[in-house]
Amino acid sequence: MDGEVTEGVASVDESAITGESAPVIRESGGDRSSVTGGTRVLSDWLLVRISSNPGETFLDHMIAMVEGAKRQKTPNEIALSILLAVFTIIFLLATVTLLPFSVYSVISAGHGSPVTVTVLVALLVCLIPTTIGGLLPAIGIAGMDRMVQANVVATSGRAVEAAGDVDVLLLDKTGTITLGNRQAVALMPNQGVNINTLADAAQLASLSDETPEGRSIVVLAKKKYGIRERHIHELDAKFVPFTAQTRMSGVDLGNGRQIRKGSAEAIEDYVRKFGGSFPEDLRFNIETISKNGGTPLVVAEQKQVLGVIQLKDIVKGGIRERFAELRRMGIKTVMITGDNPLTAAAIAAEAGMDDFLAQATPETKLKLIREMQSGGRLVAMTGDGTNDAPALAQADVAVAMNTGTQAAKEAGNMVDLDSNPTKLIEIVKIGKQLLMTRGSLTTFSISNDVSKYFAIIPAAFVGTYPSLKALNIMHLATPASAVLSAVIFNALIIIFLIPLALRGVPYKPMTANLFLRNNLLVYGIGGIVAPFIGIKLIDMILAALRLV
């Protein structure tokens, strides 16, 4: 439930709701008093008065948006449905009209026999595109299996297919593009202060800090400035933990030194208590860090301000190269964040993103996806927070991080068990392979059906139209043998194609024109030739066994 703070001050983790990793201070009174259901108290305590009515909380609002989201059909799904429906109607009409024509021909010619209903039904079974219809489930299952091998759980076969057509990828920043924990990246000493002195003090104040930020300060001082092998007992150190009230932490040493690190406001109050002053030139560094999306931590030793530690979200390693690969695949990458535009621009440039959406809310994310979809684009999105759930529910391909909230996982149609946002490269490749496999088998199936029509019609209807005997180039034994051979071939070809459907056509990046040409040469011509060879072989076996 959502509420208002009536007592206490605490540091609260709101990343599940806002998507931002930096904890915030919540206290009674002012604009810091509201708390949201689903957030977590990191330190200290709060007394909260519930202010939301049942069904009107932030989470309820997210649920309503998720329920209102609806995924569209993919272009390939629509095209295949139309293609199969059209061919089914054409072959159905062609088969149905053969009976009255044959009856009319027999009556007008005065000899011969009309085609039987049995032959017409057999012909219809052979001609309707049952091959691709029978193989589609195998292709889908194989695609989902390859997803599992890539450590991705797909809850929808349609999502695997849609991945092959994706041309826009939206990524949440925190925990997806960045590590989600702020890390110390630089030290900025105050005028007249040696940087090693600042590094020494910053490390001393962070030795007992078990947060990712505190550990990163210790590591930075160790790796960059060579400060290591601290002997805590010899220092007679007494560590001061962080609290939401003081907004700073530090250490008191046995030799009288008192070192503190914390927010600029808290450290300014601290040094003034000792009769010190806060240097104006340091404020410029603090403002610069804040404008660039970082978090400044000021370090002071009693009345002297030593400098600033710069904390920032760290972009995950190798992600820039992965985004470049996505770009080569024709996929545009867009970063979504609640940060200000300056911060968003800096991180987007560092990660190699094509575009970004700053100060994003769940509503603006959902609106952006719908606008892109209305423009004919297929959108994929990765996210991990509750605030990402509505957009994930709307996206054509929605990959939720395994480390994300349950709401994000429920809204998505895939879950990446490795929580790797660039896993979409593998997902897209699997989707494209699925589409290529289905396209190849569809080409083969349609060519197969057309070929069967011309292969068996002359033999099957020679009794009604004697002139067709000249077109019986395969010299099938009898009309009954022609029909039976075609029906048997129709069943066997699906069995022979199942291994190809499961294995899939190898994926190779190529243009649509080149892929179409290859398909027509291999599967188109193959689909035309196969029925003539297969039906003739089956006819010869039936004749040899004297079954017809």
Side-chain angles (χ1 to χ4, degrees), residues 73-84 87 128-152 154 156-167 325-326 328-331 378 380 396-397 399 413-414 423-452 489-534:
K73 284 190 174 183
T74 66
N76 272 288
E77 186 180 4
I78 296 170
L80 183 62
S81 299
I82 293 173
L83 182 68
L84 295 180
F87 271 95
I128 285 179
T130 52
T131 305
I132 186 61
L135 293 173
L136 279 177
I139 297 170
I141 290 169
M144 295 183 76
D145 179 65
R146 282 190 284 275
M147 286 290 183
V148 172
Q149 293 176 28
N151 240 14
V152 177
S156 165
R158 181 187 292 180
V160 181
E161 173 194 324
D165 280 330
V166 163
D167 52 12
E325 188 175 348
L326 284 170
R328 287 193 294 272
M329 295 169 70
I331 299 174
L378 242 67
D396 300 289
V397 179
V399 185
N413 48 27
M414 294 186 189
K423 181 72 68 68
L424 195 82
I425 294 176
E426 282 75 22
I427 293 174
V428 168
K429 286 181 178 178
I430 292 170
K432 286 186 180 296
Q433 184 186 30
L434 185 147
L435 290 179
M436 290 175 71
T437 302
R438 201 175 69 177
S440 299
L441 292 179
T442 300
T443 304
F444 182 89
S445 176
I446 299 301
S447 303
N448 208 276
D449 291 334
V450 174
S451 183
K452 281 184 288 186
F489 173 81
N490 195 62
L492 292 178
I493 195 66
I494 297 176
I495 298 173
F496 286 125
L497 289 175
I498 285 176
L500 177 61
L502 294 175
R503 187 177 66 252
V505 176
Y507 167 69
K508 294 179 182 178
M510 63 178 70
T511 63
N513 290 335
L514 182 59
F515 174 66
L516 179 61
R517 189 193 70 183
N518 292 347
N519 250 8
L520 292 176
L521 288 175
V522 177
Y523 297 96
I525 295 176
I528 291 174
V529 173
F532 286 96
I533 298 174

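None of these values were measured; they are calculated from a predicted model. Numbering of residues begins at 1 and proceeds along the displayed sequence.
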* List the steps and the verdict of side-chain contact (heavy atoms from CB on, under 4.5 Å) for V399 and K423. => CA-CA 9 Å; V399 185; K423 181 72 68 68; over 6 Å; no

* To do: For Q433 and V505, run side-chain contact (heavy atoms from CB on, under 4.5 Å): C-alpha distance rounded to whole Å, both residues' side-chain angles, the deciding distance at 0.1 Å, then the answer.
  => CA-CA 6 Å; Q433 184 186 30; V505 176; 5.5 Å; no

* Go through R438 and L135 one step at a time and tell me if the side-chain contact (heavy atoms from CB on, under 4.5 Å) criterion holds. => CA-CA 9 Å; R438 201 175 69 177; L135 293 173; over 6 Å; no

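In this structure, CG on N519 lies 10.0 Å from CG on L514, to the nearest 0.5 angstrom. Note that CD of E325 and NZ of K429 are 4.5 Å apart. Values are rounded to the nearest 0.5 Å.
Put simply, the side chain of S445 never gets that close to the backbone of L441: no donor and acceptor are under 3.5 Å apart. With N413 contributing its side chain and D396 its backbone, the two residues share a donor-acceptor pair below 3.5 Å. Using modelled atom types, one side-chain atom of S451 and one backbone atom of I528 make a donor-acceptor pair closer than 3.5 Å.
Taking all atoms of both residues into account, the shortest heavy-atom contact from L434 to G143 is CD1-CA, 4.0 Å. Shortest non-hydrogen contact noted between A150 and I430 is CB-CD1, 4.2 Å. The two residues I139 and A501 have their closest heavy-atom pair at CG1-CB, 3.7 Å. Minimum heavy-atom separation, A138 to L502: O-CD2, 3.6 Å.
The pair K432-E161 does not meet the salt-bridge criterion, since no charged nitrogen lies less than 4.0 angstrom from a carboxylate oxygen.
For the pair I525/F444, no side-chain contact is recorded, criterion being any heavy-atom separation below 4.5 Å from C-beta on. Residues I331 and D167 form no side-chain contact, since every pair of their non-hydrogen atoms from C-beta on lies 4.5 Å or further apart. Between L500 and Y523 there is a side-chain heavy-atom pair separated by less than 4.5 Å. Taking the side chain as every heavy atom from C-beta outward, E426 and R146 never approach each other to under 4.5 Å. A heavy-atom distance below 4.5 Å is found between the side chains of I425 and M329.
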